[in-house]
Amino acid sequence: MLFGQKQKLVMIKKVDFGVYLAENAAEKEEKVLLPAKQVPQGLRPGDEIEVFLYKDSQDRPIATTNTPKLMLGETARLRVVSVGKVGAFLDWGLEKDLFLPFREQTIKVKEGDEVIVALYLDKSNRLCATMRVYPYLSTESPYQAEDEVTGMIYEISTNFGAFVAVDDKYSALIAKKELYGKLEVLQSVTARVVKVKEDGKLDLSIRQKAHLQMDTDAQKLLELLAEHKGELPIGDKSSPDKIRRWTGMSKNEFKRAEGRLYKERKITVEPESIRLV
């Protein structure tokens with residue numbers, strides 16, 4: 001019998017509190033209980049029934065006819081229902097909440113958060129959740145370049161960028177050079193597919209194409225200038241890091257937006273600053 005998966009088992013015995021199931025009618029040792037409230041009317045010894053196996057709150061194997069929100073090795077977005085001394089507990093559609101150990105959390109979660117997790121078996125053969133979902137995500141998405149997709153950021157790397165679970169199950173990355181504004185783990189994003197790699201993983205951008213993005217960036221510069229009394233301490237000679245800190249833009253994006261506003265005579269430009277006219 002397999003924990004964390006749907007499977008067909010045979011009823012071998014009826015008791016007051018439910019029925020016992022096994023892989024075949026002759027099996028007497030390895031059996032699992034299906035509680036009485038889960039037993040379909042008319043089920044008889046020898047009948048086959050599809051169930052999901054997990055362990056109850058007392059660590060005993062138990063079967064259910066309910067279908068959880070994810071199976072072994074899959075990923076899904078689940079809600080945190082409580083946080084205890086050893087970890088968090090997630091709503092996955094069964095009576096017993098799914099355990100997310102602290103050691104499997106990439107950031108500290110709180111009640112009410114939605115998180116992308118995968119389902120795995122721990123050393124005690126118990127089903128647990130992990131937020132380390134990278135190896136569980138699929139690389140067989142239906143998307144192509146220029147498609148619009150949605151997903152959740154599950155990790156941010158200072159070297160590579162923001163890792164995204166598209167549709168909560170496909171592997172994707174917003175490269176460092178494509179990052180724009182403030183992004184956080186557990187944040188939902190809408191993005192454009194820039195490229196589908198040979199291995200099937202998706203490269204994403206949350207920015208529009210350059211000619212469209214220029215209008216957005218120019219408007220953002222005007223808003224920033226208004227917030228800072230008409231002057232910003234950045235210009236053509238400023239470092240890319242300083243420009244990104246102030247605007248969230250790359251240096252090239254900043255220069256395109258700055259150039260647009262200068263041609264429209266809305267700003268004056270200095271090597272290390274820009275000002276509203």
Side-chain angles (χ1 to χ4, degrees), residues 2-7 50 52-54 67-80 87-88 90-94 98-101 103-107 109 113-123 125-210 213 250:
L2 303 171
F3 288 99
Q5 300 178 33
K6 279 275 193 176
Q7 57 207 283
E50 186 175 55
F52 178 85
L53 298 189
Y54 66 115
T67 301
K69 296 177 182 178
L70 79 167
M71 303 285 179
L72 190 66
E74 294 180 349
T75 59
R77 185 182 303 212
L78 303 180
R79 183 174 59 86
V80 179
L90 314 176
D91 173 16
W92 65 321
L94 300 183
L98 180 62
F99 180 47
L100 172 61
R103 67 177 180 275
E104 295 297 333
Q105 297 179 23
T106 55
I107 65 167
V109 301
D113 282 345
E114 287 192 331
V115 296
I116 298 290
V117 295
L119 186 64
Y120 75 98
L121 281 169
D122 71 6
K123 294 178 180 178
N125 222 28
R126 290 174 299 190
L127 291 167
C128 297
T130 178
M131 292 173 66
R132 305 179 195 283
V133 298
Y134 181 83
Y136 298 93
L137 293 172
S138 171
T139 56
E140 298 180 356
S141 84
Y143 297 113
Q144 300 176 349
E146 300 306 321
D147 284 347
E148 184 177 88
V149 297
T150 58
M152 176 180 278
I153 296 173
Y154 64 89
E155 184 180 345
I156 295 179
S157 164
T158 54
N159 293 325
F160 299 105
F163 291 91
V164 178
V166 168
D167 294 346
D168 302 338
K169 62 181 178 180
Y170 299 120
S171 184
L173 173 70
I174 303 172
K176 184 178 180 180
K177 65 179 181 180
E178 295 289 343
L179 295 182
Y180 179 72
K182 185 178 181 181
L183 298 177
E184 298 177 342
V185 174
L186 304 189
Q187 181 178 339
S188 293
V189 294
T190 298
R192 175 171 54 90
V193 177
V194 176
K195 179 182 179 182
V196 181
K197 294 181 178 179
E198 289 185 5
D199 61 5
K201 295 173 184 174
L202 305 176
D203 279 345
L204 307 180
S205 175
I206 53 175
R207 299 180 65 78
Q208 303 173 55
K209 289 187 175 181
Q213 189 64 47
S250 70

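All heavy atoms count here, side chains included; hydrogens, waters and symmetry mates do not.
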Straight-line distance of [X] [atom1] to [Y] [atom2], nearest 0.5 Å:
X      : Y      : atom1 : atom2 : value
Thr67  : Trp92  : OG1   : CH2   : 11.0 Å
Ser205 : Ile174 : OG    : CD1   : 8.0 Å
Leu119 : Leu78  : CG    : CG    : 9.0 Å

- request: Could you go through the side-chain contact (heavy atoms from CB on, under 4.5 Å) check for Leu70 and Leu98 one step at a time?
  value: CA-CA 10 Å; Leu70 79 167; Leu98 180 62; 4.2 Å; yes

Any non-hydrogen side-chain atom of [X] less than 4.5 Å from a side-chain atom of [Y]?
X      : Y      : value
Leu173 : Leu204 : no
Tyr154 : Thr106 : no
Leu186 : Val115 : yes
Phe99  : Asp122 : no

query: Which residues satisfy the side-chain hydrogen bond (donor to acceptor under 3.5 Å, both in side chains) test with Glu104, sequence neighbours excluded?
result: Thr130

message: Quick check on Lys6: does its NZ atom have over 12 non-hydrogen neighbours (other residues, nucleotides or ligands) under 6.0 Å away?
response: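 Counting other residues, nucleotides and ligands, NZ of Lys6 exceeds 12 neighbours.
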
Search all heavy atoms of [X] against all heavy atoms of [Y] and return the closest pair with its distance.
X      : Y      : answer
Ser138 : Glu140 : OG-N, 3.0 Å
Ala129 : Tyr120 : O-CE2, 3.5 Å
Ile206 : Ala191 : CG2-CB, 3.9 Å

message: Any side-chain to backbone donor/acceptor pair from Asp91 onto Gly93? Under 3.5 Å, distance only.
response: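 Between the backbone of Gly93 and the side chain of Asp91 there is a qualifying donor-acceptor contact (under 3.5 Å).
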
field: Exam field: side chain Lys176 to backbone Thr158, donor-acceptor pair closer than 3.5 Å
entry: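 Indeed, once roles are kept as given, a pair shorter than 3.5 Å links the two residues.
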
- request: Mind running side-chain contact (heavy atoms from CB on, under 4.5 Å) on Leu137 and Lys201 for me, showing each step along the way?
  value: CA-CA 9 Å; Leu137 293 172; Lys201 295 173 184 174; over 6 Å; no

I'd like a table of donor-acceptor pairs (distance under 3.5 Å, sequence neighbours excluded) in which one partner is a side-chain atom from residues 162-170, with atom names and distances.
{"unit_1": "Asp167", "atom_1": "OD1", "unit_2": "Tyr143", "atom_2": "OH", "d": "3.4"}
{"unit_1": "Asp167", "atom_1": "OD2", "unit_2": "Tyr143", "atom_2": "OH", "d": "2.5"}
{"unit_1": "Asp168", "atom_1": "OD1", "unit_2": "Arg77", "atom_2": "NE", "d": "3.2"}
{"unit_1": "Asp168", "atom_1": "OD1", "unit_2": "Arg77", "atom_2": "NH2", "d": "2.9"}
{"unit_1": "Asp168", "atom_1": "OD2", "unit_2": "Arg77", "atom_2": "NE", "d": "3.4"}

